[in-house]
2 protein chains.
Amino acid sequence: MHAEGLAALSLRELARLAGITTPTVYAYFESKNAIYDAMFGRAAEEFAEVMTGPYQTDDPRAVLACGVRRFVEFCTADVPRYQLLFQRTIRDFEPSAASFAPAVRALDALRGRLKANGITDPRHIDMWTAWTTGLVDQQLSNDPGGDRWSRLIDEFVDMFLAHCHTARRPPRSGQTRRRSS
Amino acid sequence: MHAEGLAALSLRELARLAGITTPTVYAYFESKNAIYDAMFGRAAEEFAEVMTGPYQTDDPRAVLACGVRRFVEFCTADVPRYQLLFQRTIRDFEPSAASFAPAVRALDALRGRLKANGITDPRHIDMWTAWTTGLVDQQLSNDPGGDRWSRLIDEFVDMFLAHCHTARRPPRSGQTRRRSS
DNA sequence: GTCTATATTCTGATAGAC
DNA sequence: GTCTATCAGAATATAGAC
């Protein structure tokens with residue numbers, strides 16, 4: 001799959017690589033999508049494990065930057081895994097709730113890292129995720145294997161935190177600002 | 001393709017929709033990838049046309065924000081077109097140089113819009129494109145058809161310009177003009 | 001340009017013996 | 001669990017008549 005892409009997985013080839021024959025595959029999985037689901041579940045576990053692991057520092061800003069590094073490294077380390085997990089490139093495949101669960105854990109952890117930096121506004125969380133996913137996209141399509149992204153991260157984190165902190169209004173009673181839930 | 005995705009295009013179905021038979025398709029295109037290439041070329045033309053069209057204002061900042069709006073609208077208006085143009089989701093297909101040319105025009109136009117705002121640092125251009133592509137990604141996967149992204153654009157443009165202008169070293173004569181809006 | 005007919009090769013999936 | 005054998009259908013593409 002690394003060479004041919006995620007959609008190039010055929011049961012024949014999978015069986016050949018496993019040293020078995022095609023029908024034997026059906027002794028382990030009931031359909032091709034069941035295989036994708038198992039792969040999705042494993043990838044989601046790996047993702048949650050990477051993103052929620054200990055961060056070696058107490059500085060919230062450094063944790064945030066480290067999280068981006070882990071995210072980009074995780075995605076670029078295994079492109080088919082990234083496509084399966086985030087790009088939904090397989091037709092007629094939807095991950096089961098069980099396989100999807102770890103991804104929710106990882107998202108909660110992200111919200112925690114942002115909250116530790118005083119960021120709870122959904123708009124700001126949207127801006128954050130838009131940038132980090134775009135960073136991966138750009139990295140994969142423009143410079144696979146390179147590390148140009150690494151130097152952008154600290155600069156973006158600084159810019160982002162400075163913006164959020166200056167935009168944050170001093171707490172007042174009777175806040176009339178409209179918010180999007 | 002809107003219903004089934006870009007990769008679901010089969011020559012049988014295409015011929016059926018065109019009211020002809022499969023071999024007749026080969027009177028017009030020499031292979032399936034030639035069809036993709038023609039689609040890519042047309043999509044790239046549309047893209048360049050949208051992005052380089054007149055902007056109704058002279059304010060560089062407003063032009064920049066308008067460019068993002070056009071980009072997101074263009075991508076979300078036709079998802080298969082977006083996949084073909086930017087996601088490279090078709091195996092064994094590479095656009096020809098001729099089909100790709102208009103996309104280069106559009107990228108040059110982006111660089112012009114950024115330059116009008118004093119932004120020429122490649123790092124900052126990378127940060128910009130990472131965010132805009134991430135915005136589209138997020139929009140398509142989380143909230144297709146919605147307009148949540150629209151409210152993020154002005155905030156991001158403000159944040160981005162403020163950052164780039166403060167990070168910029170004063171050019172030779174100490175002219176450190178800062179815009180406020 | 002358009003057709004009928006077909007070649008070739010792939011796909012996911014199953015029947016049934018052992 | 002594993003196999004041989006096979007199904008039913010999809011895919012892109014071509015031959016050759018008109």
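In what follows, every chain begins at residue 1, and chains take the letters A, B, ... in the order their sequences are listed.
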Original post:
Taking atom P of D:dA11 as reference, at what distance in whole Å does atom OH of B:Tyr26 sit?
Top reply: 12 Å
Subject >> Those residues that, when tested against A:Phe40, pass ring-ring contact (aromatic ring centres under 6.0 Å, His included) (two or more places apart) >> reply: none
Original post:
For the atom pair CG (B:Leu85) and CZ (B:Phe100), what is the distance rounded to the nearest 0.5 Å?
Top reply: 8.5 Å
**OP:** Scan for side-chain hydrogen bond (donor to acceptor under 3.5 Å, both in side chains) pairs involving residues 48-59 of chain A, sequence neighbours excluded, and state none if there are none.
**Re:** A:Tyr55-A:Arg113
Original post:
Which residue pairs pass the salt bridge (charged side-chain N to carboxylate O under 4.0 Å, His left out) test when at least one of the two sits in residues 124-135 of chain A, sequence neighbours left out?
Top reply: A:Asp126-B:Arg148
Original post:
Using a cut-off of less than 4.0 Å, is there contact between a side-chain N or O of A:Thr24 and OP1 or OP2 of D:dC3?
Top reply: yes
**OP:** Please report, rounded to the nearest Å, how far the P atom of D:dT12 is from the CD atom of B:Glu30.
**Re:** 15 Å
Subject >> Whole-Å distance separating the CZ atom of B:Phe93 from the P atom of D:dT12 >> reply: 15 Å
**OP:** Describe, in one word, how the ring planes of B:Tyr36 and B:Phe93 are oriented to each other, choosing from parallel (under 30°), tilted (30 to 60°) and perpendicular (over 60°).
**Re:** tilted
Subject >> Cationic N near anionic O, under 4.0 Å, A:Arg69 to A:Asp154 >> reply: yes
Original post:
Tell me, which pairs form a side-chain hydrogen bond (donor to acceptor under 3.5 Å, both in side chains) where one or both residues lie in residues 7-25 of chain A, sequence neighbours left out?
Top reply: A:Glu13-A:Arg16, A:Thr21-A:Thr24
Filtered N/O pairs between nucleotides 15-18 of chain C and protein, under 3.5 Å:
none

**OP:** Could you check how far CD1 of A:Ile20 sits from P of D:dG1, rounded to whole Å?
**Re:** 11 Å
Original post:
Can a side chain N or O of B:Tyr28 be found less than 4.0 Å away from OP1 or OP2 on C:dT2?
Top reply: yes
Original post:
Is the NZ or CZ atom of B:Arg123 positioned over A:Phe156's six-membered ring, under 6.0 angstrom from the centre and within 45° of the axis?
Top reply: no
Quick test: give all pairs of protein nitrogen or oxygen and nucleotides 9-11 of chain C nitrogen or oxygen below 3.5 Å, distance rounded to 0.1 Å.
residue, atom, partner, partner atom, Å
C:dT11, OP1, A:Ser10, OG, 3.3

**OP:** Check whether NZ of the Lys or CZ of the Arg B:Arg61 lies under 6.0 Å from the centre of the six-membered ring of B:Phe160 and within 45 degrees of that ring's axis.
**Re:** no
Original post:
OP1 or OP2 of D:dC3 sitting under 4.0 Å from any side-chain N/O of A:Thr21?
Top reply: yes
Original post:
To the nearest angstrom, how far is A:Arg16 atom CZ from D:dC3 atom C1'?
Top reply: 18 Å
